Amino acid sequence: MNFKNYNIVDGFNIIAPAYDLANDAMTFGLHRLWRRVLVREALARVPKGGKVLDVATGTGDVILGLLKERTDIRVVGLDPSEGMLKVAREKFAKTPLVPTHAVDLVTGDARQLPFPNDTFDSVTISWGIRNVRPHAEGLREMLRVLKPGGSLVVLESGRPELKAVELAYRYYARLLPHIGGRIAGYLPAYKYYTHTVDEFPTGKAFVAELHECGFTKPSYRTLGGSIVYLYTAQKPSQS
């Protein structure tokens with residue numbers, strides 16, 4: 001399949017209604033646990049009354065996780081797909097624990113964030129940075145909107161570092177598009193997913209990219225047998 005002209009936003013608009021169900025099927029529900037790790041990592045770095053930006057917020061699971069843990073913060077979710085944001089709004093409306101004053105959902109591009117400099121205490125993005133092309137444009141925008149000393153937390157799939165896992169992962173990766181495509185009714189979106197995972201610079205390579213974009217203290221650890229990566233980095237503090 002030629003992905004040169006694939007429209008990412010259109011793909012997400014199509015699969016949005018079944019996105020959560022497809023993720024549950026493809027990861028056996030583990031994506032919810034991995035997002036929880038991201039949420040706790042981010043919140044550990046957010047002061048009382050702080051502000052968090054969730055880029056590529058999708059159907060809003062990270063926002064729900066953030067507000068479940070902390071009711072004192074304000075969260076802005078940004079996504080280019082109106083279809084995904086529609087599902088997020090419906091989900092929030094059914095969740096009485098979500099204070100409407102604490103959440104803003106914005107349609108936008110990670111490469112041109114519609115926020116002033118030095119706005120957020122933390123920026124999170126889960127399974128979204130692969131779709132920002134080039135990655136550096138999105139990373140520099142996230143750096144710009146972070147407050148000095150603020151943190152970036154990234155959750156992303158990647159090729160496994162553990163050789164023992166690699167063979168099983170290759171088989172699993174071949175199955176994923178068919179599982180997700182059957183549930184969501186649109187196979188190209190999930191073929192594109194596996195394509196971008198194969199291309200994405202994982203582990204030390206992405207840490208180097210964070211450093212090149214101006215972040216300090218970039219690091220990572222693996223989850224799920226090293227098929228998922230959690231990256232953290234910081235905006236330099238003002239002297």
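Heavy-atom basis, side chains included; hydrogens, waters and symmetry copies ignored. Since this is a predicted model, take the numbers as computed values, not measurements.
- Distance alone, capped at 3.5 Å, is enough to place a donor-acceptor pair between the His135 side chain and the Val132 backbone.
- Within the structure, side chain to side chain donor-acceptor pair (under 3.5 Å) pairs that include any residue of residues 204-214 do not occur (at least two apart or interchain).
- Not one N or O on the side chain of Thr57 forms a donor-acceptor pair closer than 3.5 Å with the backbone of Asp79.
- You'll find the side chain of Pro236 reaches within 4.5 Å of the side chain of Leu143, heavy atoms only.
- Transitive grouping of hydrophobic side chains (ILVMFWY, heavy atoms separated by less than 4.5 Å) keeps Tyr231 and Leu223 in distinct clusters.
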Stepwise ring pair (Phe, Tyr, Trp, His ring centres under 6.0 Å) test for Phe206 and Tyr220: CA-CA 9 Å; Phe206 188 65; Tyr220 78 97; 9.6 Å; no
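- Side-chain atoms of Arg70 do not come within 3.5 Å of backbone N or O of Gly50 as any donor-acceptor pair.
- Between Val228 and Thr27, every side-chain heavy-atom pair lies at or beyond the 4.5 Å cut-off.
- For Arg111 against Gly138, the heavy-atom pair with the smallest separation is CG-N, 4.2 Å.
- The shortest side-chain heavy-atom distance between Leu85 and Arg89 falls under the 4.5 Å cut-off.
- Within the structure, ring pair (Phe, Tyr, Trp, His ring centres under 6.0 Å) pairs that include any residue of residues 145-168 do not occur (at least two apart or interchain).
- With a 4.5 Å cut-off on side-chain heavy atoms, Phe215 and Val207 do not count as touching.
- Atom CD of Glu82 sits about 9.5 Å away from atom CG of Leu105, to the nearest 0.5 Å.
- The closest donor-acceptor contact from the side chain of Lys91 to the backbone of Thr59 lies under 3.5 Å.
- Minimum heavy-atom separation, Gly224 to Ile227: O-CG1, 3.2 Å.
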List the atom pairs, with distances to 0.1 Å, where a side-chain N or O of residues 148-159 and a protein N or O form a donor-acceptor pair under 3.5 Å, not counting sequence neighbours.
{"unit_1": "Ser151", "atom_1": "OG", "unit_2": "Ser122", "atom_2": "OG", "d": "3.3"}
{"unit_1": "Glu156", "atom_1": "OE1", "unit_2": "Gly128", "atom_2": "N", "d": "3.3"}
{"unit_1": "Glu156", "atom_1": "OE1", "unit_2": "Ile129", "atom_2": "N", "d": "3.4"}
{"unit_1": "Glu156", "atom_1": "OE1", "unit_2": "Arg130", "atom_2": "N", "d": "3.3"}
{"unit_1": "Glu156", "atom_1": "OE2", "unit_2": "Arg130", "atom_2": "NH1", "d": "2.5"}
{"unit_1": "Ser157", "atom_1": "OG", "unit_2": "Trp127", "atom_2": "NE1", "d": "2.8"}
{"unit_1": "Ser157", "atom_1": "OG", "unit_2": "Tyr193", "atom_2": "OH", "d": "2.9"}
{"unit_1": "Arg159", "atom_1": "NH1", "unit_2": "Asp198", "atom_2": "O", "d": "2.6"}
{"unit_1": "Arg159", "atom_1": "NH1", "unit_2": "Phe200", "atom_2": "O", "d": "3.2"}

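- Linking Ile, Leu, Val, Met, Phe, Trp and Tyr whenever their side-chain heavy atoms come within less than 4.5 Å puts Val145 and Val106 in one cluster.
- In this structure, Lys147 places its NZ atom where more than 12 heavy-atom neighbours from other residues, nucleotides or ligands lie under 6.0 Å away.
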Glu90 vs Lys94, salt bridge (charged side-chain N to carboxylate O under 4.0 Å, His left out): CA-CA, chis, key distance, verdict: CA-CA 7 Å; Glu90 292 169 352; Lys94 296 174 183 176; 5.7 Å; no
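- Of all heavy-atom pairs spanning Pro177 and Tyr190, the tightest one is CA-CB, 3.5 Å.
- Across every non-hydrogen atom of Leu146 and Lys235, the tightest pair is O-NZ, 2.7 Å.
- Taking both residues in full, the closest heavy atoms of Ile179 and Ala25 are given as CG2-CB, 3.9 Å, listed atom of the first, atom of the second, then distance.
- When every heavy atom of Leu38 is checked against every heavy atom of Ser126, the shortest pair comes out as CD1-CB, 4.3 Å.
- Listed for the Asp121 side chain is no donor-acceptor partner under 3.5 Å among the backbone atoms of Val52.
- The side-chain heavy atoms of Arg45 and Glu41, taken from C-beta on, include a pair separated by under 4.5 Å.
- A distance of 10.0 Å separates CG in Asp24 from CG in Leu30, rounded to the nearest 0.5 Å.
- Both Met26 and Leu33 sit in one connected hydrophobic cluster of ILVMFWY residues. Membership requires side-chain heavy atoms under 4.5 Å apart, directly or through other members.
- We find the CG-CD1 distance between Asp10 and Ile15 to be 11.5 Å, quoted to the nearest 0.5 Å.
- Panel note: side chain Asp104, backbone Val76; no donor-acceptor pair is recorded below 3.5 Å.
- A single hydrophobic cluster is not seen to contain both Val9 and Tyr19; linkage of ILVMFWY side chains at heavy-atom distances under 4.5 Å, directly or through other members, places them apart.
- Counting heavy atoms from C-beta outward, Val55 and Glu141 have side chains that stay 4.5 Å or more apart.
- For Asn131, the side chain to side chain contact (heavy atoms under 4.5 Å, CB included) test picks out Ile8, Phe12, Tyr192, Thr196, with sequence neighbours left out.
- Separating the OG1 atom in Thr222 from the CG atom in Leu230 is a distance of 10.0 Å, to the nearest 0.5 Å.
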Stepwise side-chain contact (heavy atoms from CB on, under 4.5 Å) check, Ile73 with Leu43: CA-CA 9 Å; Ile73 62 171; Leu43 288 178; 3.7 Å; yes
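- Counting only residues at least two apart or in different chains, ring pair (Phe, Tyr, Trp, His ring centres under 6.0 Å) contacts with residues 45-89 are absent.
- Salt bridge annotation for Glu137-Arg133: absent, with no cationic side-chain nitrogen under 4.0 angstrom from a carboxylate oxygen.
- Proximity of the aromatic rings of Phe115 and Phe120 is defined here by a centroid distance below 6.0 angstrom, and this criterion is met.
- Two residues are said to be in side-chain contact when any heavy atoms from C-beta on lie closer than 4.5 Å; Pro114 and Leu78 meet this criterion.
- Here the options are Arg36, Lys68, Arg32, the test is salt bridge (charged side-chain N to carboxylate O under 4.0 Å, His left out), and the partner is Asp61; only Arg32 passes.
- For residues 24-46, there are no ring pair (Phe, Tyr, Trp, His ring centres under 6.0 Å) pairs, not counting sequence neighbours.
- The OG1 atom of Thr194 sits 11.0 Å away from atom CG of Leu175, with the distance rounded to the nearest 0.5 Å.
- Atom-to-atom distance recorded for Leu64:CG and Glu69:CD is 12.0 Å, nearest 0.5 angstrom.
- Contact check for Val123 versus Ile125: no side-chain heavy atoms found under the 4.5 Å cut-off.
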